[in-house]
Amino acid sequence: MNRSISGRLIAKDLYLYRWLIIAAVLIGTAALPLMRLGPGDGVRSGVNLGMILFITNVIVLGIFIVMYGVLKERQDKTSLFILSLPVSPMQYTTAKVGAALLAFLAPWLLLTGGTIALILLSDTAPDGGIPSFAAMMTFFLCNFCVLLALVLVTTSEQWAIAGILITNFSVPVFLSIVLNLPDISAFRRAEAAVWSPTVLAIIAISLAIAALSLTLAYYVQSRRKDFI
Amino acid sequence: MTAAALAFRNVSKRYPFFTLDDASFRLEQGQIMGFVGPNGAGKTTSIRILMGLIQSDAGSVELLGCPIPSEQVRAKWNVGHVSDDMRLFGAATLDWHMGFVKSIYPTWDAGYATTLLKRFHLHQQQSIKHLSHGERIKALLLLVLARRPRSLVLDEPTSGLDPVARHEVLAELMDLLQDGERSILFSSHNTLDVEQISDQITFIDRGRIVASDDKEVFLDRWQRLSIELSPDCALPEVAGVVDVTRTGRIAVVTTNDYRPELPVIYAHAGAQVRDVQRMTLEEIFVANVMHNRKERGE
């Protein structure tokens with residue numbers, strides 16, 4: 001019976017996030033034709049506006065979900081209403097995480113898959129860009145999970161903002177340093193996708209950090225004595 | 001023996017600047033308990049412990065026979081909880097919220113919900129963010145009452161309501177108890193509301209339960225005596241007297257243990273009882289709290 005209530009809570013959040021999800025998909029899709037995926041991409045021949053819009057869209061989606069869906073609900077005491085229903089605080093946390101992940105992953109998968117499909121179908125965009133793009137998107141997923149975990153365990157808006165600043169600051173570091181590691185940059189313009197050990201390690205580490213951060217958040221929540 | 005609606009036994013909870021200390025009270029099924037205390041007394045903390053939102057450091061809590069917090073989910077199927085700081089989703093309508101709660105509770109009574117909409121002058125299609133504070137409280141109460149819970153736990157449910165709205169809400173709460181099986185705990189610092197509908201009263205002050213008893217017991221035992229006596233005459237020490245105020249020949253004695261022989265006792269001491277007045281719940285509450293604080297040296 002409580003699985004169905006968790007399902008209803010997730011559906012509730014997805015309903016409240018619906019415009020956010022739709023906007024993220026539309027903006028991301030609109031950014032695709034503006035992205036220069038082929039030779040002469042942003043670093044060498046001017047600003048790649050489409051890529052900037054695409055990246056900003058994904059980051060903002062994650063921030064909005066976390067701030068509006070998780071933190072604001074607790075600050076506004078809307079969580080009190082939900083916790084008055086037949087759910088325990090841990091079930092509430094599970095539903096919140098489930099909804100947040102679904103709300104982020106749905107557009108994330110569409111946009112990631114859409115971009116990879118575009119690269120594969122394009123005559124000008126080399127398939128060699130796929131692994132670094134996948135690594136970048138997995139990094140954004142990791143950042144989202146870390147921010148979500150942080151906001152789950154803290155009720156403080158200041159800590160949430162600090163989390164946003166740190167994860168946002170990590171983006172240019174990742175793009176300029178990590179994606180330019182020799183083992184990645186060497187294959188970016190190759191005709192075929194090359195999944196080097198470095199790019200695979202980056203993807204694995206991102207996923208591991210994402211999983212670890214959410215696991216830690218769950219652990220902290222399970223030890224919490226006061227949920228309000 | 002049926003389980004009590006709620007049982008709070010020796011519950012303690014410590015915060016840096018506040019401690020709920022060894023609190024105990026009990027509400028039987030079919031009764032209303034007014035939970036009265038000044039701001040910061042521990043009413044909300046106690047209610048949140050009762051609803052499993054906060055874990056106590058010591059003691060035990062049961063809600064409809066379910067230990068809290070371990071079986072809070074089972075209890076919440078039959079308990080409605082509203083607090084004055086609770087919020088609904090601003091971007092959604094009242095209709096959406098009604099559909100949401102209805103999808104969870106099979107006991108949802110659509111006909112009663114429609115009746116409450118009319119009685120509370122609410123509109124289903126209205127967005128929550130456009131509701132006033134009073135309308136929001138009424139919307140919360142509608143969402144809780146329409147699912148016909150066995151018990152209600154209300155934290156300041158009439159806070160911020162105008163007199164008409166308060167009357168409407170209190171009338172609905174009284175209606176709820178018609179079948180004699182439902183129970184209500186409601187906290188308030190508004191003793192008028194509490195006095196109007198409660199069977200039992202529990203007073204709390206600075207984290208401690210000051211007194212808990214039937215309302216009529218409080219009203220019968222707490223009395224104020226106006227006594228005339230000569231200025232050099234001393235009043236005898238009588239058990240239960242919590243306050244004596246003398247002005248010239250008149251002494252006003254407040255007692256928490258009035259009995260018919262009191263005027264006789266004072267008469268033997270040369271004092272004449274001119275008047276015996278029942279106290280309002282508010283006066284009882286203030287006198288009770290001040291007396292307890294004095295006894296604790298606070």
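Lettering follows sequence order; numbering is per chain, from 1.
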Are the side chains of B:Phe89 and A:Glu73 in touch, meaning some heavy atoms are under 4.5 Å apart?
yes

Is the number of heavy atoms from other residues, nucleotides or ligands under 6.0 Å of A:Glu157 CD greater than 12?
no

Does the side chain of A:Pro89 come within less than 4.5 Å of B:Gln72's, by heavy atoms?
yes

Might you confirm whether atom OH of A:Tyr219 has over 12 heavy atoms from other residues, nucleotides or ligands at distances under 6.0 Å?
no

To the nearest 0.5 Å, how far apart are CG in B:Leu53 and CG in A:Leu83?
5.5 Å

So which part of B:Ile49 gets closer than 4.5 Å to some heavy atom of chain A, the side chain, the backbone, both or neither?
neither

Is it true that, when you exclude A:Phe64 itself, more than 12 heavy atoms of the residues, nucleotides or ligands shown sit nearer than 6.0 Å to its CZ?
no

Determine whether A:Asp76 and B:Arg87 satisfy the following criterion, salt bridge (Lys or Arg N to Asp or Glu O under 4.0 Å), listing intermediate values before the conclusion.
CA-CA 6 Å; A:Asp76 286 354; B:Arg87 296 288 182 272; over 6 Å; no

Are A:Leu80 and B:Met51 close enough, and set up right, to give a side-chain contact (heavy atoms from CB on, under 4.5 Å), and what steps lead you there?
CA-CA 10 Å; A:Leu80 272 179; B:Met51 296 305 300; over 6 Å; no

Heavy atoms of other groups near A:Lys225 NZ, more than 12 under 6.0 Å:
yes

CG/A:Leu85 to CZ/B:Phe100 distance, rounded to the nearest 0.5 angstrom?
5.5 Å

Where on B:Arg74 is there a heavy atom nearer than 4.5 Å to chain A: the side chain, the backbone, both, or neither?
neither

Residue part contacting chain A, namely of B:Ser56, when any heavy atom lies under 4.5 Å
backbone

Is it the case that more than 12 heavy atoms not belonging to B:Phe18 sit under 6.0 Å from its CZ atom?
yes

If every non-hydrogen atom of B:Val73 is compared with every non-hydrogen atom of A:Ser88, which pair is closest and at what distance?
CG2-N, 3.5 Å

A:Ser79 side, atom OG; B:Met86 side, atom CE - distance, nearest 0.5 Å:
9.0 Å

A side-chain contact here means heavy atoms from C-beta on lying under 4.5 Å apart; do B:Leu88 and A:Thr78 qualify?
no

Going from OH on B:Tyr105 to CD1 on A:Ile5, what distance comes out if it is rounded to the nearest 0.5 angstrom?
7.0 Å

Check the pair B:Val82, A:Phe81 against side-chain contact (heavy atoms from CB on, under 4.5 Å), reporting the backbone distance first and the verdict last.
CA-CA 8 Å; B:Val82 171; A:Phe81 167 65; over 6 Å; no

What are the two closest heavy atoms between B:Ile104 and A:Arg8, and how far apart are they?
CG1-CD, 3.7 Å

When rounded to the nearest 0.5 Å, the distance separating CD1 of B:Ile54 from CZ of A:Arg224 is 12.0 Å

Contact part of B:Asp57 toward chain A, heavy-atom cut-off under 4.5 Å: side chain, backbone, both or neither?
both

Side chain from CB out, backbone as N, CA, C, O: work out which of these in B:Val101 comes under 4.5 Å of a heavy atom of chain A, or both, or neither.
side chain

Using a strict 4.0 Å threshold on nitrogen-to-oxygen distance, state whether B:Lys13 and A:Asp226 make a salt bridge.
yes

Using 0.5 Å steps for rounding, measure from the CH2 atom of B:Trp96 to the NZ atom of A:Lys12.
6.5 Å

Relative to chain B, which segment of A:Tyr92 carries a heavy atom at a distance below 4.5 Å: side chain, backbone, both, or neither?
neither

